[in-house]
Protein chains: 2
Amino acid sequence: MAIKDRKERDKLDRRKLIIESATKLFLEQGYEKTSIRNIADDIEYSPATIYLYFKEKDEIFYLIHEQGFDLLNKEFTNHNQIKDPYERLAELGKIYLNFALTNPDYYDLMFIMRAPLSEIKCHSKWEAGDNSFQYLLNTVTECLDQKLIVDGDPLIVSMSIWSYVHGLISLFIRERLQSVNIEGEQNPNLLIQSLEYFLKTLKV
Amino acid sequence: MAIKDRKERDKLDRRKLIIESATKLFLEQGYEKTSIRNIADDIEYSPATIYLYFKEKDEIFYLIHEQGFDLLNKEFTNHNQIKDPYERLAELGKIYLNFALTNPDYYDLMFIMRAPLSEIKCHSKWEAGDNSFQYLLNTVTECLDQKLIVDGDPLIVSMSIWSYVHGLISLFIRERLQSVNIEGEQNPNLLIQSLEYFLKTLKV
DNA sequence: CAAATATAATAAACACTGTTCAGTAAATGC
DNA sequence: GCATTTACTGAACAGTGTTTATTATATTTG
């Protein structure tokens with residue numbers, strides 16, 4: 001029976017190999033330019049082999065998509081807990097913004113791209129995403145309870161904050177901020193300044 | 001010389017035919033699913049013919065992209081001028097949101113998609129986009145002058161407002177709001193409620 | 001009018017893409 | 001040793017954007 005076990009391990013190893021290669025290529029050249037044949041070439045298997053381990057291209061990229069959420073959630077958990085919920089909220093925003101600027105490809109896959117959600121979204125319920133949102137929702141609720149920010153429904157407020165930061169990031173990543181380009185001003189700085197303005201308006 | 005004129009007119013007509021077919025197909029099935037061969041089939045010409053009138057697929061979709069901006073700018077100009085700049089700002093936000101919800105494919109092409117900007121963005125300066133942003137900037141400046149909204153740099157404030165609404169819309173269009181789904185609540189209503197909350201926080 | 005030229009359109013090909021399937025070769029079970 | 005299962009792959013399918021050599025037509029010139 002040991003042989004069967006080893007075989008199963010081997011199979012998982014090859015699955016892992018595909019994911020690792022796909023991740024590497026994805027971070028090097030993005031989703032669209034990473035083809036099944038690219039991955040096959042990289043791991044020195046035939047393209048058809050990949051389909052023995054994954055149903056479709058999107059299934060691989062859904063896993064990378066989840067890796068991204070693990071990374072983001074780790075950043076959220078790793079940061080030392082700030083007592084004041086408003087300060088914590090501000091910090092969350094900055095962590096989120098920083099994550100996006102440091103990992104634009106992950107961010108794109110997680111929050112902008114259409115592809116790897118097509119079918120999977122239904123059965124998976126997008127658990128990882130829910131976790132991140134829960135972090136935000138909890139902090140917002142605390143802020144509202146302590147009357148630190150403008151009153152409103154916690155869900156609406158959380159959605160607003162998320163939308164705001166996402167808006168900044170996605171306009172930046174997809175290069176729509178050309179028109180808003182102050183002479184000599186670096187774009188990432190503009191994003192940080194905007195976030196600070198938003199946090200100010202939020203404060204009660 | 002009249003013959004030459006007619007020929008030139010014919011050429012423009014065929015160019016127009018391609019754009020119209022492309023627009024039709026694009027609005028029916030989106031960018032990715034509208035192929036050059038689709039368009040060729042529709043207008044009953046060979047695919048190669050299209051390349052006599054356009055350098056590449058993106059060039060066609062850049063024109064559709066501009067059509068979208070014309071549409072949006074028209075909506076901005078058509079609305080009866082409200083005297084109070086804060087009210088006008090609120091109205092602008094609603095018009096923008098409404099435009100996106102009514103024309104999600106145009107919106108995607110204009111503000112989310114990566115494709116049709118690849119090279120063109122440099123030489124065209126994205127004039128249409130600048131126009132829309134100018135509308136916003138002017139109103140924001142008035143609001144700031146009359147101290148109706150939280151003080152800040154007009155550009156930062158304008159960018160903030162745009163980012164906010166864009167964030168809402170793009171999360172909605174690219175289906176990332178599943179986690180924020182109140183039982184029985186329609187998503188578009190959530191967007192409107194959020195915008196109202198944001199406008200409230202903005203008010204001084 | 002006929003020959004030469006310019007114009008417009010295309011069939012076919014190139015280099016890709018995701019995906020499927022029939023066939024092969026090796027390891028395992030009996 | 002033979003049958004069966006397992007793992008893999010070459011080749012193909014149907015599509016994509018794009019280019020090029022060729023053909024058919026229309027216009028201009030001798």
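Note that the coordinates shown come from a computational prediction; the quantities given were computed from them, not determined experimentally. So that the names make sense, note that chain A is the first sequence line, chain B the second, and so on, each numbered from 1.
Sorted by first and then second residue, the ring-ring contact (aromatic ring centres under 6.0 Å, His included) pairs with a member in residues 6-27 of chain A read A:F26-A:F61; sequence neighbours excluded. Residues in residues 17-26 of chain A take part in these salt bridge (charged side-chain N to carboxylate O under 4.0 Å, His left out) pairs, two or more places apart or across chains: A:K24-A:D42.
Residue contacts for B:F54: at a heavy-atom cut-off of 4.0 Å it reaches no nucleic acid atom on any strand shown.
Not less than 6.0 angstrom separates the ring centroid of B:Y96 from the ring centroid of B:Y164.
One N or O on the side chain of A:R14 and one on the backbone of A:D10 form a donor-acceptor pair closer than 3.5 Å.
Of the options A:F133, A:F111, A:F99, a ring pair (Phe, Tyr, Trp, His ring centres under 6.0 Å) to A:F69 is made by A:F111 and by none of the others.
Here A:Y135 pairs with A:F76 under the ring-ring contact (aromatic ring centres under 6.0 Å, His included) rule; sequence neighbours left out.
The interatomic distance linking B:K11 (NZ) with C:dA8 (C1') rounds to 9 Å, in whole Å. As rounded to whole Å, 13 Å separates atom P of D:dT6 from atom CG of A:L52. In this structure, A:K55 atom NZ and C:dC21 atom P are separated by 13 Å, rounded to whole Å. Here D:dG10 presents its P atom at 13 Å from CD1 of A:I50, a figure rounded to the nearest Å. Rounded to whole Å, atom P of C:dA8 lies 13 Å from atom CG of B:D13. One interatomic measurement links the two molecules: OH of B:Y51 to C1' of C:dA13, which rounds to 14 Å at whole-angstrom precision. Atom CD in A:E59 sits roughly 14 Å away from atom C1' in C:dT19 (whole-Å rounding). The distance from atom OH of B:Y31 to atom P of D:dT16 is 13 Å, rounded to the nearest whole Å.
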Between the protein and nucleotides 15-17 of chain C, which nitrogen or oxygen pairs are less than 3.5 angstrom apart?
| residue | atom | partner | partner atom | Å |
| --- | --- | --- | --- | --- |
| C:dT17 | OP1 | A:S35 | OG | 2.8 |

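Comparing the helix axis at one end of the helix from C:dC1-D:dG30 to C:dC30-D:dG1 with that at the other, each defined from 5 consecutive pairs, gives an inter-axis angle of 30° (nearest 10°).
Within residues 39-48 of chain A, the residues that have a heavy atom under 4.0 Å from DNA chain D are, in order of number, A:Y45, A:S46, A:A48.
Taking 4.0 angstrom as the limit, B:R14 places none of its side-chain polar atoms (N or O) nearer than this to OP1 or OP2 of C:dA8.
A:R114 has no carboxylate O lying under 4.0 Å from a charged side-chain N of B:E32, or vice versa, which leaves the two without a salt bridge. With salt bridges taken as basic N to acidic carboxylate O contacts below 4.0 Å, one links B:D108 and B:R174.
The shortest distance between side-chain heavy atoms of A:Y106 and A:Q67 falls below 4.5 Å.
Going from atom NZ of B:K57 over to atom OH of B:Y31 covers 4.5 Å, rounded to the nearest 0.5 Å.
Applying the 6.0 Å contact sphere to CD of A:E44 captures no more than 12 heavy atoms from other residues, nucleotides or ligands.
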